[in-house]
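Here is the structure we will look at, set down as structure tokens.
Any value given below was found using the heavy atoms of this structure, including those in side chains, with hydrogens, waters and symmetry copies removed. This one's a predicted model, so the numbers in the text were calculated from it and none came from an experiment. The sequence lines fix the lettering, A, B, ..., with proteins before strands; numbering per chain opens at 1.
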Protein chains: 2
Amino acid sequence: MVKRTSLEGDACPIARALDVIGDWWSLLIVRDAFLGARRFGEFQKKLGLAKNILSARLRALIDRGILATAPASDGSAYHEYVLTPKGRGLFTVLVALRQWSEQFDDRPDEIGTLLVDRSKGKPVRPLALHSQDGRQLAADDTTLKPRPSARNVRRAPA
Amino acid sequence: MVKRTSLEGDACPIARALDVIGDWWSLLIVRDAFLGARRFGEFQKKLGLAKNILSARLRALIDRGILATAPASDGSAYHEYVLTPKGRGLFTVLVALRQWSEQFDDRPDEIGTLLVDRSKGKPVRPLALHSQDGRQLAADDTTLKPRPSARNVRRAPA
DNA sequence: GGCAATCGGTTTAATAATGCAACCACATGG
DNA sequence: CCATGTGGTTGCATTATTAAACCGATTGCC
């Protein structure tokens, strides 16, 4: 059996994330969910993808706990797809991707929208990584440390 | 011709980003580049992907300006793959994915590593989105605004 | 109530991407 | 030089993606 390799059991949290939302369409579906899409046809029209694929992706996103189905808010017999807390947690990922494009895209003039603070209408700040004491960190200022396995950890004295 | 749909011309910066790094392996290659991988065989061994695919991905990442080739730093006749500034710009995206897994993964105990501030050894802060005046913003506190097309924009008075 | 259109999919068949293994040229080490 | 390692390419089988046709249930409309 020569399947597409799964990263599900990988110890790297990035690989684990990509195993869930790392395919071609999933993040775009989540993006449109953030923009208010809720119904099957709404996603299909906005994304322009084949219905069978949308169907498969929605199912996968539900399985993974990113979307959930809910009764239609307009009272019809159909149902809607809504973001779970886990799905809403992807907002930062989407913003990071957006800001990366804004900063490095070769044709930035083709980018049509700007993410702004709703109350003031002003662009948001670029995401930045900080240490616990508030210093801004670049990639080189960080390392990976083996995670203390939750079990076998006796509360450290103070 | 029934090709995999390209998002290259899309006006959405997220779609444009995914067009470049939205496939199964690219971000993992970039991740390993951040972790110090430089040589073909190094990537292949760490990722465990087929060589032809690695070859194609590396080529694509170079075409898109995320990696570049450089003469081998150890003096051998082979060459190395190094991150460009555009590639290093993906650090925030990787961190966002990592933190999403850390927060929402169903089996967080399987995550093997922790991203820490190198100088203090302490975990970094979660990424958070802020307005220009420093307020922390949730998804609902933001909107998309049509971007002023660079041309036709007369400098706004003050 | 009847009927057409819409919604939310599934099925089918073609094309593209992925994965594995075999192969190959060049570099390097001894 | 000869054996091995590096960095790929090529061929073939398998899987994923796609467009298009189809289909039942729901809805809008008269």
Set out, line by line, the N/O atom pairs under 3.5 Å between protein and nucleotides 1-6 of chain D.
unit_1: D:dG5; atom_1: N2; unit_2: B:Tyr78; atom_2: OH; d: 3.1
unit_1: D:dT6; atom_1: O4'; unit_2: B:Tyr78; atom_2: OH; d: 3.4

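With sequence neighbours left out, the side-chain hydrogen bond (donor to acceptor under 3.5 Å, both in side chains) criterion links A:Asp133 to A:Ser131, A:Arg135. B:Glu8 pairs by the side chain to side chain contact (heavy atoms under 4.5 Å, CB included) definition with A:Arg107, B:Ser6, B:Asp19, not counting sequence neighbours. B:Glu80 meets the side-chain hydrogen bond (donor to acceptor under 3.5 Å, both in side chains) test with B:Arg38, B:Ser73; sequence neighbours excluded. Qualifying side-chain hydrogen bond (donor to acceptor under 3.5 Å, both in side chains) partners for B:Asp32, counting only residues two or more places apart in sequence or in other chains: none. Residues that satisfy the side chain to side chain contact (heavy atoms under 4.5 Å, CB included) test with A:Ala15, not counting sequence neighbours, are A:Leu7, A:Asp10, A:Cys12, B:Leu28, B:Arg31. With sequence neighbours excluded, the residues satisfying side-chain hydrogen bond (donor to acceptor under 3.5 Å, both in side chains) with B:Asp105 are A:Arg16.
In this structure, A:Thr92 and B:Gln103 have side chains that are not in contact, with every pair of non-hydrogen atoms separated by 4.5 Å or more.
Recorded end-axis angle for the helix from C:dG1-D:dC30 to C:dG30-D:dC1 stands at 30°, based on five pairs per end and rounded to 10 degrees.
Of all nucleotides listed (D:dA20, C:dG19, D:dT9), C:dG19 comes nearest to the side chain of B:Ile53.
An OP1 or OP2 oxygen of D:dG8 is reached within less than 4.0 angstrom by a side-chain nitrogen or oxygen of B:Tyr81. The phosphate of D:dG8 has OP1 or OP2 within less than 4.0 Å of a side-chain N or O from B:His79.
Taking a 4.0 Å limit (strictly below) on heavy-atom distances, residues 65-74 of chain B does not reach DNA chain D anywhere.
Atom CZ of A:Arg57 is separated from atom P of D:dA16 by 9 Å (rounded to the nearest Å).
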Please table the atom pairs, donor to acceptor, closer than 3.5 Å between any side-chain atom in residues 82-89 of chain A and protein atoms at least two apart or in another chain.
unit_1: A:Thr84; atom_1: OG1; unit_2: A:Gly65; atom_2: O; d: 2.6
unit_1: A:Thr84; atom_1: OG1; unit_2: A:Ile66; atom_2: O; d: 3.1
unit_1: A:Thr84; atom_1: OG1; unit_2: A:Lys86; atom_2: N; d: 3.3
unit_1: A:Thr84; atom_1: OG1; unit_2: A:Gly87; atom_2: N; d: 3.1
unit_1: A:Lys86; atom_1: NZ; unit_2: A:Arg64; atom_2: O; d: 3.0
unit_1: A:Arg88; atom_1: NH1; unit_2: A:Leu83; atom_2: O; d: 3.0

Expected list for residues 44-59 of chain B: side-chain donor-acceptor pairs under 3.5 angstrom, two or more places apart:
unit_1: B:Gln44; atom_1: NE2; unit_2: B:Leu49; atom_2: O; d: 3.2
unit_1: B:Arg57; atom_1: NE; unit_2: B:Asp23; atom_2: OD2; d: 2.7

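Under the ring-ring contact (aromatic ring centres under 6.0 Å, His included) criterion, the residue pairs touching residues 35-87 of chain B are B:His79-B:Tyr81, with sequence neighbours excluded.
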